[in-house]
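Following: one structure in structure tokens, then a few remarks.
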Amino acid sequence: MIKHKFLIFLFLSVCLHLNACMPADSPSYSEETLAATVTEDDDAIDLIIEGDYVVTMDDDGNVIAHGALAIDGGLIIAMGTAADINARFTANGHLRGDKRIVMPGLINGHSHAAMTLLRGVADDLGLLDWLTNYIFPAELQFVDAEFVRIGTELACWEMIRGGTTTFVDMYYYPDVIARVVESCGMRALVSATVIDQRSPDAENAADSLKKGLAFVDNWKGRNERIMPIFGPHSNYTLNAEQLAATRAAANDAGIPISIHMSESPYELEYSKQAYGMTSIEMFESIGFLDGPTIGAHVVWPTEAEIGILAERKVGVIHNPTSNMKIASGIAPVTDMLNAGVLVGLGTDGAASNNDLDMWEEMRLAAFLQKVDKMDPEVLSASTVLRMATSGGAAAIGLGDKIGTLAVGMRADVIQVSFDDVHFVPTYDVISHLVYVADEQDVASVTVDGKLLMRDGEFLTIDTERVAKEAVELAGRIQAALAERNQ
Ligand SMILES: [Zn+2]
């Protein structure tokens with residue numbers, strides 16, 4: 001196992017030096033091929049990543065000038081100045097640091113990855129109209145295992161390009177999602193969706209929960225990068241009993257839950273009518289928050305509910321673009337942060353965003369709070385950057401593994417290039433990362449010590465094949481929609 005991983009690194013290293021080999025159809029590498037092309041160096045570590053700035057995102061906000069990380073066995077084993085690290089270690093892979101910022105990979109705390117294939121199918125509508133009249137019917141008609149595979153590959157490609165290394169997904173056919181994540185090399189919490197209506201992969205709540213249990217059994221402990229979790233959709237698509245049953249199943253399996261929570265005025269009204277209380281109070285009243293919970297959106301919490309979120313250590317995922325586009329509202333992010341709630345950032349699905357760009361989420365999260373409170377000081381660049389890295393990691397329960405660059409953390413690391421004109425001049429690196437940087441500035445992406453993108457070249461995804469498959473499938477969707485609308 002160790003040898004296999006080691007050989008993959010060597011293979012990548014050889015690839016990168018030759019600048020020639022792009023993995024073809026299969027993202028997994030044959031060991032025989034590797035053995036023929038590499039020589040081993042048992043004393044060398046896997047990788048050194050250098051940067052003119054190493055933004056650690058640790059509690060003290062340390063930034064190391066002309067720094068480097070030493071990476072071996074998927075972990076950061078040392079960090080310091082580049083001169084120091086290069087003197088101490090020889091590595092099989094080496095990323096140079098000239099005009100590069102090194103930082104933790106971004107964490108997308110709420111996505112529906114395969115919805116990249118429904119990007120732009122229905123825009124400019126409110127949440128309920130959009131969901132019930134467009135998205136749910138389109139999903140029933142088009143979403144199958146093949147759709148999910150292609151859509152998730154497309155999403156992983158886009159997320160890797162933009163420096164996202166971890167995502168929390170909620171969609172159908174979770175086994176297919178997990179297999180795509182396994183092959184593209186990212187890290188993910190993959191939710192089995194539980195919903196009480198006919199969906200692409202289940203008939204009702206009981207059926208989706210049963211299938212979810214099988215998925216969790218199948219994937220738990222199988223791959224360090226992939227955590228199977230439950231994704232009950234919401235308290236307007238599941239009743240109290242079904243929500244409680246899902247919580248019980250999650251607690252039995254020792255896994256978290258990801259759920260849409262207090263997202264829209266509709267949910268608020270529904271909750272008051274159906275349960276006689278607001279949404280988060282309802283979750284609390286049935287013991288649903290009694291276990292690790294990731295709440296997506298949380299736009300309409302009352303003050304008392306913010307207290308519940310803090311006490312129950314619910315990880316809140318703020319999705320500013322989706323909240324603005326669907327006009328769900330402005331989440332009280334600063335109030336939640338001030339109350340000690342763990343808050344991360346997410347994109348939501350590409351059908352309500354319409355991309356998976358975490359840089360844009362950072363920028364909009366900051367701007368939205370500033371204009372909402374009419375106070376430019378209310379949410380700073382460094383706080384927002386924390387929400388996309390260390391804070392996001394804490395919100396999804398992985399704060400001890402990722403989100404910060406420190407010895408002993410998993411090596412989920414990106415390099416951002418500051419070659420582009422919009423980095424000239426750069427006075428403050430943190431300000432630039434939040435208010436200027438784009439997806440296209442990401443130069444390299446490493447997850448668990450393995451390179452997924454180097455200098456914009458994708459090493460684990462056959463992008464040409466994925467693009468072709470996505471265009472073909474979108475053509476079939478477009479034709480069917482045109483027929484339906486005639
Ligand atoms: Zn969502």
Side-chain angles (χ1 to χ4, degrees), residues 107-119 121-123 125-132 134-136 138-139 143 148 151-152 155 158-159 164 166-174 177 188-197 199-201 208 212 229-238 243 246 256-268 270 279-280 283 293-301 314-329 331 343-358 360-361 364-365 392 395-396:
I107 295 166
N108 185 347
H110 182 64
S111 68
H112 309 281
M115 291 183 86
T116 44
L117 286 170
L118 296 175
R119 197 192 314 256
V121 150
D123 292 316
L125 301 163
L127 178 66
L128 198 65
D129 186 14
W130 179 77
L131 267 183
T132 52
Y134 294 87
I135 296 302
F136 286 151
E139 287 179 334
V143 175
V148 172
T152 308
E158 185 179 348
M159 286 193 278
T164 295
T166 295
F167 63 109
V168 180
D169 206 44
M170 184 196 287
Y171 211 57
Y172 308 105
Y173 299 96
I177 301 170
L189 276 63
V190 179
S191 315
T193 295
V194 182
I195 191 164
D196 193 27
Q197 62 191 36
S199 71
D201 65 356
S208 55
I229 65 171
F230 282 111
H233 180 269
S234 64
N235 70 359
Y236 57 94
T237 51
L238 291 162
L243 288 164
T246 310
I257 269 177
S258 169
I259 185 165
H260 296 104
M261 184 180 283
S262 199
E263 178 175 0
S264 65
Y266 166 78
E267 179 183 328
L268 201 64
Y270 178 90
S279 213
I280 295 162
F283 286 125
T293 307
I294 301 164
H297 299 292
V298 191
V299 178
W300 296 99
V314 172
V316 166
I317 304 301
H318 178 43
N319 301 260
T321 306
S322 172
N323 295 163
M324 291 166 82
K325 183 164 184 268
I326 303 180
S328 295
V343 186
L345 284 177
T347 57
D348 210 356
S352 63
N353 187 301
N354 288 355
D355 58 30
L356 306 176
D357 181 352
M358 287 292 292
E360 188 179 33
E361 298 306 319
L364 289 177
I396 66 168

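As the structure lists them, so they are numbered: ligands from 1, and atoms in each ligand from 1.
- Summarising the geometry of His260 relative to Phe283, their closest heavy-atom pair is O-CZ, 4.3 Å, with the distance given to 0.1 Å.
- Within the 4.5 Å cutoff, no side-chain heavy atoms of His112 are placed close to those of Glu139.
- Only one option out of Asp348, Thr347, Thr164 pairs with Asn108 in a side-chain hydrogen bond (donor to acceptor under 3.5 Å, both in side chains); it is Thr347.
- For the Zn ion (ligand 1), the count of nearby protein N, O or S atoms, meaning those under 2.8 Å away, is 4.
- Glu267 pairs with exactly one of Ser279, Ser262, Ser234 by the side-chain hydrogen bond (donor to acceptor under 3.5 Å, both in side chains) rule, that one being Ser279.
- The pair Asp123-Lys325 meets the salt-bridge criterion, with a side-chain N (NZ, NE, NH1 or NH2) lying under 4.0 Å from an Asp/Glu carboxylate O.
- Nearest heavy atom pair, residue Ser258 against residue Ile229, reads CB-CD1, 3.7 Å.
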